[in-house]
Amino acid sequence: MESINFVKRLFQAYYKEQRDLFPSVSNLERREFAFIPWENNVMIRHLGFNSINILTNYILQNVPKHMYSSASLYELPDAPTMEYKNYMGCDLVFDIDADHLDTSCKETHDFWQCQACNNHGVGEAPLECDKCNSKKLSKINWICDECLEQAKEEVFKLINNFLEQDFGLSRKDCSILFSGHRGYHIHIENENLRNLKSQERREIVDYITGKNISLRVFGLKESGGGISRFNQYNYGWPRKIMLKLKDILLIEKKNDLRLELHQYIKDKDKIEKLIADKNDLIINITTQTQKDWDLLKFGYVTWKNLLLKIAKSIGADVDVPVTIDTHRLIRYPDSLHGGSGFKVVEINYSDLEKFDPFSDPVVFSHTNLQKLEITAPQVASIRVRDKTFGPFKKGEIQELPHDIAVFLICKNVAKIKRN
Amino acid sequence: MSSDENYFKSNKWLLNDFPWLPSTKKVYKDIGKTNPIEFVKNLYELNGPELTSRIETIFVEAINNSEIIPDYEPDELNIQIYWMLRILLYILNNTQLTNRVANLYSKNALERLKAIPNKENLYWICEDLGLNIKSYFHNPQKITSRDYSNISLHYLDFIKLAEYLKDENRKLVNNSLSDGYVILTDPDLERLIQEYVRNEILNFEKARSEDTDKEDRAHLEKILLQVEDFKKTYKKIKALVLEKKEDLSIVSSEMISFKEGENLSPFFPPCVRVIYSKIERNENLVHNERLFLVFFLNALKYPLDEMINIFKMLPDFDESIARYQVEFAVRKAYTPHGCAKLETLGMCYKNDKTFGDEICRDGYYSKKQEKQLKISHPLSFVNIKKYRELRNKTFKNTKPQNLSK
């Protein structure tokens, strides 16, 4: 409790400082608000605020651990059930979460612990403890430069390759928020999009992720041996797939090309066949001919697998349920994330490249110190601002700056140590 | 006056051919304004026998699942007929019938759109429908080496029009999307307009306001039945609906369909349960059994993976082949064989000791217990079984508590 009180006091100090600067979201009075307190993890929701001042006072009084507002607008946002709120539409929201990305760093920094026997390990948690077979495992998902950089790449992919290029939305319409922990939210407020039903949102998200792509529709024939219509002059997905394949084939050094192709094709003979035919393939991709591609040497299944894997690498990795849910609650800008102590930061597209998720959202002091005891069996290293802390082992006592101390307490891997 | 209204004023043939265009109401201003009883009276006075015959044709063909309205006349009377359909479907208030009419009328519209003499008219049609489009008639856009586009449609309009189209080439991901617009060939655009027409007609029957709807329908029915000719048409259609009641209940939008977590197999007819039992015993299925099972499950809207999972128990299961076959069957979306066809294929098991069922053997009583009806389609069997289950549940739930101990 002492640790929680310590963090809560710091959160309160932050919100006090922000009292007159705290941002108001658009249509504030039409949005539902929700909070999770420090004392328990039960969400308090169905709240509404008529002005930013009333909201700020509420935050100062209650100092929540997490704070959310709805992506939807309602006539009566504070009605106790969804039925009575009178839904008026929902912004289009995309969530990119490092947790869902396939990054190798997870194997080095995520860890799990068995709640029954305290056995623990690094990497993805097994289905059950290998010592006592208990299925009650607690998991700590860590963050590092690699996974948050990958998340940022996905934001660029989403905005540049899909929202702007294909959906014709302006990057100015896309407000980007760092979630304060593991990822980014892209929020689009547009009257025409607000009325989209959940199923219609799924069509958009399927397009962005490449789910349900049919190579048959694009011209890959299942028999008779040919791809009849694919080339780089198509629109939409066929064009994206062809441009990526061309980029791969244009790798000059044979060994580099082999390595790259190995990510998509496991059969070495087929890789060699593709390399041998690469110039003809590039001609097919770059010329607007009606000629069928010769598949006889390669086979339908291999083509299909190759093109689908390429498609998978092109699609933006967004969390589908977030986009299709028309009653979603999302983190409030400039609020603090109770799982990290970092701020939810709104970022201009032009600043995204240089945005540093381990520095820009950090609000607590790097000079004031606090003594902590590490409580988790092992804790991976973490960079805050320009300093890296850890790795730590259970029982270690450390005097650390407030910024990292808050992070470790919020991640539930350390507690205040009194002399 | 908007430019498209001017265009349609000087090209009235388009409105006659496509009476669902919004400009119909602007060019033929009287249609929407006269009260229904006057409208219907005048119509019968001027065109009595022809009107009756053309309306009845539409209903007969719709109930028979035809795809074309025979002797379709794109004349001014065609517009009035469209408005009469609107009135009739509203007061008849029969979802299955409205579906059939919507299917027929929209399929007919597609054929008319395909035959349109100058494809530039598609531009005016889209404009009139309020669709957000870009046109390239003077510089068609190349979609693939074979296909060109004259019109692209904003993705929001595309998504809305394609909402109920399940084939994979209507999914946004499989279309040519660029800068907010889906670049479409004329046939693809025409198919989407067909969907607009279908939705328009489906809306005829829908309630305008739940509170007043029942009264409105009853009132309109009462006053219109004072027009003798209308009464005759109305009664004929009602009789036709009654006669084809069982047929209408097959593959309707209200039909039972797959829902995540719900097991529909207890409602399956003997012909399907026999196939299931073979699968459970890991016996191979003959070609006809496989096809029938896929068509049957697809008609119940089973997801693709769910269907493939069922086939996984077969000894000769090969995922890629099974997937191909199931995808093929889903694309074709054939209605499963009816009972007569199943009998000729030796796949009817109504008398089987283990799987036979009295509903198949003896038929069933209609809701009003007026007469015994024969089952003619395995999908009807599912509907009846499910209906009986619901009825029994309702009965159990409404049983007074103090009577049971």
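All values below were derived from every heavy atom in this structure, side-chain atoms included, with hydrogens, water molecules and symmetry-related copies excluded. Order of the sequence lines fixes the chain letters, A, B, ..., with proteins taken first and strands second; residue numbering starts at 1 for each chain.
Rounded to the nearest 0.5 Å, atoms CZ (A:Arg239) and OG (B:Ser176) are 11.5 Å apart. Atom OG of B:Ser152 is separated from atom OH of A:Tyr235 by 8.5 Å, given to the nearest 0.5 angstrom. We find the CZ-CD distance between A:Arg216 and B:Glu168 to be 4.0 Å, quoted to the nearest 0.5 Å.
Taking a 6.0 Å sphere around CG of A:Leu127, one finds it holds 12 or fewer heavy atoms contributed by other residues, nucleotides or ligands. Counting non-hydrogen atoms of other residues, nucleotides and ligands closer than 6.0 Å to OH of A:Tyr87 gives a total above 12. Residue B:Tyr164 qualifies as open at atom OH: its count of foreign heavy atoms under 6.0 Å is 12 or below. Within 6.0 Å of the NZ atom in A:Lys135, the count of heavy atoms belonging to other residues, nucleotides or ligands does not exceed 12. For NZ of A:Lys309, the number of neighbouring non-hydrogen atoms (other residues, nucleotides, ligands) closer than 6.0 Å is greater than 12.
Here A:Leu193 is the residue among A:Leu169, A:Val301, A:Leu215, A:Leu193 with the most heavy-atom pairs under 4.5 Å with chain B.
With A:Glu200 contributing its side chain and B:Ile159 its backbone, the two residues share no donor-acceptor pair below 3.5 Å. In this structure a side-chain-to-backbone donor-acceptor pair under 3.5 Å is missing from B:Asn169 to A:Val217.
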Ignoring hydrogens and angles, write down the donor-acceptor pairs under 3.5 Å from the side chains of residues 204-211 of chain A, residues two or more places apart or on other chains.
from	atom 1	to	atom 2	distance (Å)
A:Asp206	OD2	A:Asn212	ND2	3.1
A:Asp206	OD2	B:Lys171	NZ	3.2
A:Tyr207	OH	A:Asp166	OD2	2.9
A:Thr209	OG1	A:Val205	O	2.9
A:Thr209	OG1	A:Asp206	O	3.4
A:Thr209	OG1	A:Lys211	N	3.4

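With a 4.5 Å cut-off on non-hydrogen atoms, B:Ile183 touches chain A through its side chain but not through its backbone.
Of the N and O atoms on the side chains of B:Tyr155 and A:Glu203, not one donor lies less than 3.5 Å from an acceptor on the other residue.
A:Phe167 places a side-chain heavy atom less than 4.5 Å from the side chain of B:Leu172.
Using a 4.0 Å cut-off between charged nitrogen and carboxylate oxygen, B:Glu163 and A:Lys197 count as a salt-bridge pair.
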Could you check A:Asn234 against B:Ile143 for side-chain contact (heavy atoms from CB on, under 4.5 Å), going step by step and ending with a plain yes or no? CA-CA 6 Å; A:Asn234 300 145; B:Ile143 305 175; 6.0 Å; no

